Structure formats: C-alpha cells, structure tokens
Amino acid sequence: MDTELVRNQIQMAYGDRFEAALLDEMAATALLVQFSPGDVLIDIHQYIRRMPLLLSGAIKIMREDPDEGELLLYFLERGDTCAMTLACCMGEAQSEVRAIAETSGALAMIPVSKMENWLGRYKSWRHFVFESYNKRLTEMLAAVDSLAFLKMDQRLLAYLREKAKVNGSQVLTITHQDIAYELNTSRVVVSRLLKAMENDNQIRLHRNSIEILFALN
DNA sequence: TCATTAACACGGG
DNA sequence: CCCGTGTTAATGA
C-alpha cells in the first residue's frame, strides 16, 4: 500500500513522460523520502548511491566555496532531477553541489543499478536523462549570465521572482542576511536595494518577510 | 563608482 | 534582551 502511494505520486509528477511499465518499475524500487524546508538532501563531496526524482516541493541547488561563501545556482521543481546526481550516479563521483529543501516535499530515490538498466530498455528514460542535462545546463547558463552581466539589483529582482514562484507565494519568509548569503553579497547591499524596491512600490518589507507586489510569470 | 566591513541606533517579539 | 533592520563612515577594487 506504500507502493500504491508512491505509484500515485510518481504518476502525478512523471505520468506524462514515462510509459506505464516504467512507472510501475519505479514505484516498485523507489524509496520515498519526505523532506522539510532547510533539510540538507545532498551535501558537497557526498557520494550518491540513489538517484532522486523530485515528486513535490522545491529544492535549491547551491555551490559552495570555503573562502568565497555560497551561491544559489537554481531551483528544482516537481518532475525535475539534478544533472549532478545523474553524473555522480553513473560515474561514482562526489557531488560538487549542495541540495537544500526550499519547501516541504517528497523524493523518490531510485537505485543506481536500475537507472542503468532502464537506459537500455526505455526510450522515455533516455529522453528524460538527456532532457534533464539540457535543462540544467540552460539554467546553469542563466546563473552564469546573472553573475557576469547583471547588476546586483537585477539579480535580486530575479531571485525574488524565482523564490516566489517555487514557493507559490507572494510573501517570502526570509531575512536580508539569508538573501545576502544566497547571492553571495553583503547584507548592507541587500537592505539598501530592497529599500529602494519598496520605495518603487515593487515590494513591501516586514520583519522576517518580504511581500511581492509585482506580477509573477 | 559601487561593494564591503564595521559600527551603531531603533524597535518588535 | 536579542535579533533583524536601516544607515553611515571608512576603505578597497
């Protein structure tokens, strides 16, 4: 009956992409993992033995440097998987990124041996793996562009928009310091830019939270 | 010019 | 009181 539950969740997130036989196999071998905001799902240098498929909720992928601090790369949402885990699973390599739960949600953990088996047997799985690499590469480029070409005010705006989207809320519970960490800048800058955005009526500031007034899309 | 670091006052929980 | 916030002054890239 637990399998039944997993099957349903996998169907919800991946039903339009995989054939029924593959969905069944997934449900049979998957380990369901529930997570809460802030949980560290994968840490840097960790070996990955099971591949996670995101069923619900959102996960943020962070890059970290011991000297330079951390930096948000991108968010994962339902139906996504992380290209890093694909590479790590197949290559027995260590993770170069950290995955932290942004919201609560659930993961289906697939044994590595199964994924290799499916690569040969299911076309839809091969497509999924390639598509995932593609999507993550695109998002990576967006992160690089943001770093290289956008000023901090633009990066902050893009960050708030993404954050509101994955959380499905106009009100973000976060401090200026937390934002500064994720964008790898100082709180002074974040506070100043946020204040300017509030004066432009784009947002409203409260203690521990930010209300988004501009339209999301 | 714009970011960072340090320092300080304010105030809400 | 503690912590998040808003600001300034000094310094650096």
Side-chain angles (χ1 to χ4, degrees), chain A residues 33-46 52 54 56-78 80 82-84 94-107 135-217:
Chain A
V33 177
Q34 304 277 352
F35 57 82
S36 310
D39 287 357
V40 178
L41 302 171
I42 294 172
D43 211 340
I44 293 163
H45 298 141
Q46 186 181 330
L54 190 49
S56 60
I59 295 173
K60 61 183 176 190
I61 305 299
M62 317 276 303
R63 188 82 169 97
E64 198 198 58
D65 184 282
D67 298 327
E68 300 298 326
E70 49 182 13
L71 173 70
L72 175 74
L73 290 179
Y74 48 76
F75 289 104
L76 298 178
E77 294 174 89
R78 174 210 271 196
D80 287 337
C82 181
M84 194 77 234
Q94 297 177 7
S95 176
E96 296 285 342
V97 298
R98 176 175 291 155
I100 298 174
E102 172 72 17
T103 66
S104 56
L107 288 170
K135 211 170 151 188
R136 292 290 89 74
L137 184 60
T138 303
E139 280 181 287
M140 203 71 129
L141 285 179
V144 171
D145 285 349
S146 175
L147 263 177
F149 304 129
L150 295 185
K151 303 222 177 236
M152 190 52 78
D153 57 342
Q154 298 288 304
R155 287 181 61 198
L156 180 60
L157 190 64
Y159 168 82
L160 293 176
R161 184 169 274 129
E162 269 298 287
K163 183 110 174 158
K165 200 184 108 195
V166 301
N167 282 283
S169 168
Q170 302 278 110
V171 180
L172 307 177
T173 303
I174 192 165
T175 66
H176 298 182
Q177 184 66 71
D178 290 338
I179 297 173
Y181 281 139
E182 305 222 317
L183 297 181
N184 196 27
T185 182
S186 65
R187 185 191 63 81
V188 182
V189 171
V190 173
S191 290
R192 180 170 55 76
L193 294 176
L194 285 174
K195 199 67 199 163
M197 288 172 72
E198 185 179 44
N199 291 335
D200 283 353
N201 287 318
Q202 296 186 85
I203 59 174
R204 202 168 294 155
L205 298 175
H206 311 279
R207 189 185 174 86
N208 284 316
S209 74
I210 298 170
E211 190 180 344
I212 306 291
L213 299 180
F214 57 79
L216 304 174
N217 45 354

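What you see is a predicted model; the values in this text were computed from it and never measured. Each chain gets a letter, A, B and so on, in the order its sequence line appears, and its residues count up from 1.
Residue Ser191(A) places no side-chain N or O under 4.0 Å from the OP1 or OP2 atom of dT7(C). Under 4.0 angstrom from either OP1 or OP2 of dA3(B) there lies at least one side-chain N or O belonging to Arg192(A).
Arg155(A) places a side-chain N or O within 3.5 Å of a backbone atom of Leu183(A) that can act as its donor or acceptor partner. Of the possible donor and acceptor atoms, one in the side chain of Glu198(A) sits under 3.5 Å from a partner among the backbone N and O of Leu205(A).
Here Arg192(A) pairs with nothing under the salt bridge (Lys or Arg N to Asp or Glu O under 4.0 Å) rule; sequence neighbours left out.
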Would you list the atom pairs, donor with acceptor, under 3.5 Å between side chains in residues 99-107 of chain A and any protein atom, with sequence neighbours excluded?
from, atom 1, to, atom 2, distance (Å)
Glu102(A), OE1, Lys163(A), NZ, 3.4
Glu102(A), OE2, Lys163(A), NZ, 2.7
Glu102(A), OE2, Asn167(A), ND2, 2.9
Thr103(A), OG1, Ala58(A), N, 2.8

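Of the residues in residues 171-182 of chain A, Thr175(A), His176(A) come within less than 4.0 Å of DNA chain C through at least one heavy atom, sorted by number.
The only member of Leu193(A), Thr185(A), Leu156(A), Leu72(A) that meets side chain to side chain contact (heavy atoms under 4.5 Å, CB included) when paired with Ile179(A) is Leu156(A).
Residue pairs that meet the salt bridge (Lys or Arg N to Asp or Glu O under 4.0 Å) test with at least one member in residues 166-186 of chain A, sequence neighbours left out, are Lys60(A)-Glu182(A).
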Report task. Using a 4.0 Å cut-off on protein heavy atoms (strictly under), produce a 5'-to-3' string for nucleotides 6-13 of chain B with B for base contact, S for backbone-only sugar-phosphate contact, and - for none. Result -> BB---BB-

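For Phe214(A), the CZ atom is densely surrounded, since the number of other residues' heavy atoms within 6.0 Å is greater than 12.
Note on the helix from dT1(B)-dA13(C) to dG13(B)-dC1(C): angle between the axes of the first and last five pairs equals 20°, rounded to 10 degrees.
Pairing each heavy atom of Leu160(A) with each of Ile212(A), the nearest pair is CB-CD1, 4.0 Å.
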